[in-house]
2 protein chains.
Amino acid sequence: MARRRQAVTIKHVAADAGVSLQTVSRVINKEASVRPEMAERVQASIDKLGYVPSIAAQRMGGSRSYLILALNDRERTIADWRERQGTDWVDQMMLGGMVKAAEHGYRLIVELVDTHSDHIERELSAALAALRPDGVILTPPHSENPLILKLLEAQHVSVARIGSLRDGYGFALTMDDERAGRLATAHLAELGHARIGFIAGPEAYELSGWRIEGWRQAMAAAGLGTEGLLARGDFGYESGLAATGALLDAGATAIVASNDRMALAVLEVARTRGLSIPGDLSLVSFDDTPIVRFTHPPLTAVVQPIAEVTARAVERIIAEQAGGEFDPAPEVVPASLTIRTSTAPPGQ
Amino acid sequence: MARRRQAVTIKHVAADAGVSLQTVSRVINKEASVRPEMAERVQASIDKLGYVPSIAAQRMGGSRSYLILALNDRERTIADWRERQGTDWVDQMMLGGMVKAAEHGYRLIVELVDTHSDHIERELSAALAALRPDGVILTPPHSENPLILKLLEAQHVSVARIGSLRDGYGFALTMDDERAGRLATAHLAELGHARIGFIAGPEAYELSGWRIEGWRQAMAAAGLGTEGLLARGDFGYESGLAATGALLDAGATAIVASNDRMALAVLEVARTRGLSIPGDLSLVSFDDTPIVRFTHPPLTAVVQPIAEVTARAVERIIAEQAGGEFDPAPEVVPASLTIRTSTAPPGQ
DNA sequence: TTGAAAGCGCTAACAG
DNA sequence: CTGTTAGCGCTTTCAA
């Protein structure tokens with residue numbers, strides 16, 4: 001293992017430009033107190049030598065680490081990757097977050113943590129100690145975990161909580177699940193459905209409640225009853241099968257599923273019961289993952305702007321690092337509805 | 001921006017254990033020259049204080065950075081993410097690479113680079129200077145790029161080249177595309193097909209050639225001619241449409257597509273021409289991405305062990321860092337064939 | 001086997 | 001506006 005030293009350091013640049021290290025450092029960090037001509041001269045040396053600062057050294061010097069951690073639930077994420085069912089949550093986070101981070105010279109590091117027990121505290125502490133990130137992006141179901149937030153607050157790390165509305169340490173970003181639930185439900189109501197069932201996600205996810213609330217509101221607004229039309233799932237396929245059965249038995253002519261996997265279960269149950277979609281049953285999925293475009297029929301779905309919301313999270317963390325003002329209001333990046341062919345008027 | 005200092009450092013551990021910094025450092029790095037009782041005492045302090053070394057400091061001290069860069073083509077990767085067609089290459093790399101890296105205290109950082117012109121040299125140099133990774137994983141079409149390899153060699157960074165067979169700096173890992181091509185083709189030949197068309201990938205990808213070679217070998221082994229049965233695509237949908245048309249016109253009764261996107265194009269052309277699959281035309285895809293399980297019919301496909309190969313790449317990089325012996329032979333993690341319902345005897 | 005000293009590349013604090 | 005001086009937390013010498 002060859003001992004690798006930085007090829008060109010701040011010293012080389014300083015020597016080349018004939019200035020002190022400090023001046024070079026100031027130019028790198030775009031500090032105001034450098035004469036333009038001086039800055040230009042230094043920049044010329046930087047470009048000439050192809051100098052890029054070592055983030056390890058910057059971090060050691062007491063500056064930023066230019067690292068942002070995106071925390072995701074290990075178990076669920078690995079299961080998604082293994083099953084290869086097309087869930088592209090992490091990809092969308094990278095699309096929005098990593099690309100945005102790169103624009104600012106930051107890197108996004110995906111970190112998987114165990115949700116259970118005290119593991120998460122150990123794991124997170126270790127990651128923080130090892131990496132010393134400037135910011136952490138929390139995703140459901142961690143976004144409002146008090147243990148995590150306390151830990152992060154103690155370390156004064158910038159925190160973005162995706163899928164959260166509550167205030168607390170850091171700032172919240174939401175895709176407005178309530179509105180999304182309303183949107184999906186209203187679409188079905190407008191088509192003429194009266195018995196619109198809803199398959200909720202697990203309670204551990206706060207957003208499950210918001211989506212239910214949106215459904216309730218839309219039902220109320222349309223003057224429809226909800227009796228027997230709410231079924232609880234756990235985002236898994238099996239739970240979707242059970243929930244669908246219950247809703248169908250309750251006379252539902254349309255179903256909103258809280259995620260794509262449960263929507264696939266609806267499809268399956270409809271098939272076994274000989275129900276055509278959308279002829280006999282309309283279906284809206286709550287994820288617009290790749291597979292719902294390839295099902296038969298392709299599903300009308302709530303599109304969650306994961307990339308966009310992650311990009312915003314990164315931007316705000318970086319702004320905070322740069323000393324920007326802190327706006328505590330939750331940031332809303334609304335979801336939308338993509339209408340495909342799984343929804344139609346009832347009894348068509 | 002609060003000035004964040006490491007909560008617990010090697011100093012605290014040294015003080016707690018009543019030893020010198022150096023001894024703690026030796027324990028951390030599992031050096032042999034520490035008396036067991038001493039090591040135990042130090043370890044106890046480490047556990048008690050929850051100490052985790054700062055990788056920035058370790059790096060600064062001249063040790064490893066515990067960072068491994070996974071280089072991917074920016075344009076293609078971002079396009080895949082945006083289109084949301086289910087391509088899960090990056091996910092599979094993370095599944096294999098990130099998880100394996102984490103087991104050893106390493107982190108995998110995904111880095112996107114522009115393939116074109118001199119961008120790549122600048123970008124890669126900058127990433128190396130900023131991060132100082134211990135290793136770099138190269139993916140097609142970068143795996144054998146001489147500019148990249150020269151740069152990496154100059155910096156003495158460990159390199160894993162995925163999808164490569166050629167020797168050169170670093171070590172090569174292959175999923176044995178030639179064998180995979182043979183496998184897919186032989187499967188069709190065994191079903192009784194004589195006119196088996198092959199839609200190749202772009203020449204920029206070395207593996208395109210290997211797959212063609214596998215197809216040729218299997219055709220020869222089955223005593224079949226290849227006249228007019230090879231069409232060149234570029235991994236894109238449009239190119240797949242054109243290629244399919246050509247192959248069908250040449251009388252193909254079965255087609256092997258070099259990736260899932262082009263396989264979808266085959267499906268589409270078959271539909272427009274009123275050809276049933278597998279009744280009138282058999283189809284094998286070269287990617288087992290999520291969508292090919294949801295097409296109608298689900299596609300027989302070559303499964304590429306991306307996760308496994310990436311895990312091996314990470315393991316070997318880490319072993320090399322640890323001073324392990326270097327085995328220059330390319331590592332083969334063979335692809336397999338998953339048979340679904342898009343293949344059947346001809347004219348069935 | 002252990003410890004003390006020096007330095008990695010950079011920035012913060014202070015002078016000038 | 002610019003330069004000097006101390007570290008940051010760790011590892012590598014080297015010495016004991």
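Here is the naming used below: chain letters follow the sequence lines, and residue numbers restart at 1 for every chain. Heavy-atom basis, side chains included; hydrogens, waters and symmetry copies ignored.
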Short N/O separations, protein against nucleotides 1-5 of chain C, under 3.5 angstrom:
from	atom 1	to	atom 2	distance (Å)
dT2(C)	OP1	Arg35(B)	NE	3.3
dT2(C)	OP1	Arg35(B)	NH2	2.8
dT2(C)	OP2	Arg35(B)	N	2.8
dG3(C)	OP2	Ser20(B)	N	3.1
dG3(C)	OP2	Ser20(B)	OG	2.9
dG3(C)	OP2	Thr23(B)	OG1	2.5
dG3(C)	N7	Arg26(B)	NH1	3.2
dG3(C)	O6	Arg26(B)	NH2	2.7

Report yes if a side-chain nitrogen or oxygen of Ser25(B) is closer than 4.0 Å to either non-bridging phosphate oxygen (OP1 or OP2) of dT11(D); otherwise report no.
-> yes
Picking from Leu71(A), Leu138(A), Leu69(A), Ile137(A), what satisfies side-chain contact (heavy atoms from CB on, under 4.5 Å) with Val159(A)?
-> Leu138(A)
Difference in axis direction between the ends of the helix from dT1(C)-dA16(D) to dG16(C)-dC1(D), five pairs, 10° = 30°
Can you pull the salt bridge (charged side-chain N to carboxylate O under 4.0 Å, His left out) pairs that have at least one residue in residues 137-155 of chain A, sequence neighbours excluded?
-> Glu144(A)-Arg166(A)
Closest to the side chain of Ser54(B), out of dG9(D), dC10(C), dT11(C), is dG9(D)
Could you state the CD-C1' distance from Gln58(A) to dA12(C), rounded to the nearest angstrom?
-> 14 Å
Residues two or more places apart in sequence or in another chain: which of them pass salt bridge (Lys or Arg N to Asp or Glu O under 4.0 Å) with Asp88(B)?
-> Arg84(A)
In whole angstrom, give the distance that lies between atom CD of Glu31(A) and atom P of dG3(D).
-> 14 Å
His12(A) atom NE2 is separated from dC8(C) atom C1', nearest whole Å, by 12 Å
To the nearest Å, how far apart are Arg59(A) CZ and dA12(C) C1'?
-> 13 Å
What is the distance, rounded to the nearest whole Å, between atom CD1 of Ile55(A) and atom C1' of dC8(D)?
-> 15 Å
Taking side chain to side chain donor-acceptor pair (under 3.5 Å) as the test, write out the residues that go with Thr139(A), two or more places apart.
-> Asn72(A)
Taking only residues two or more places apart in sequence, or in another chain, which ones meet Arg41(B) in a salt bridge (Lys or Arg N to Asp or Glu O under 4.0 Å)?
-> none
Rounded to the nearest Å, what distance is computed from the NZ atom of residue Lys30(A) to the P atom of nucleotide dC10(C)?
-> 15 Å
Return the set of residues passing salt bridge (Lys or Arg N to Asp or Glu O under 4.0 Å) with Glu103(A) (not counting sequence neighbours), or none when no residue passes.
-> Lys100(A)
Salt bridge present between Arg74(B) and Asp114(B) (N-O < 4.0 angstrom) = yes
Measure the distance from CZ on Arg64(B) to C1' on dT11(D) and round it to the nearest whole Å.
-> 12 Å
May I ask you to list the residues of residues 43-53 of chain A, by number, that have any heavy atom positioned under 4.0 Å from an atom of DNA chain C?
-> Tyr51(A), Pro53(A)
Return the set of residues passing ring pair (Phe, Tyr, Trp, His ring centres under 6.0 Å) with Tyr66(A) (not counting sequence neighbours), or none when no residue passes.
-> Tyr106(A)
For Glu331(B), enumerate each residue passing the side chain to side chain donor-acceptor pair (under 3.5 Å) test, keeping only those at least two apart in sequence or located in another chain.
-> Arg312(B), Arg316(B)
May I have the list of side-chain donor-acceptor pairs in residues 14-35 of chain B shorter than 3.5 Å, sequence neighbours left out?
from	atom 1	to	atom 2	distance (Å)
Asp16(B)	OD1	Lys48(B)	NZ	2.8
Asp16(B)	OD2	Ser45(B)	OG	2.6
Asp16(B)	OD2	Lys48(B)	NZ	3.3
Ser20(B)	OG	Gln22(B)	N	3.4
Ser20(B)	OG	Thr23(B)	N	3.3
Ser20(B)	OG	Thr23(B)	OG1	3.2
Asn29(B)	ND2	Ser25(B)	O	2.9
Arg35(B)	NH1	Glu37(B)	OE1	3.4

Just how far, in rounded Å, is P of dG9(D) from CD1 of Ile10(B)?
-> 11 Å
Does Glu111(B) have any side chain to side chain donor-acceptor pair (under 3.5 Å) partners at least two apart in sequence or in another chain, and if so, which?
-> Arg107(A)
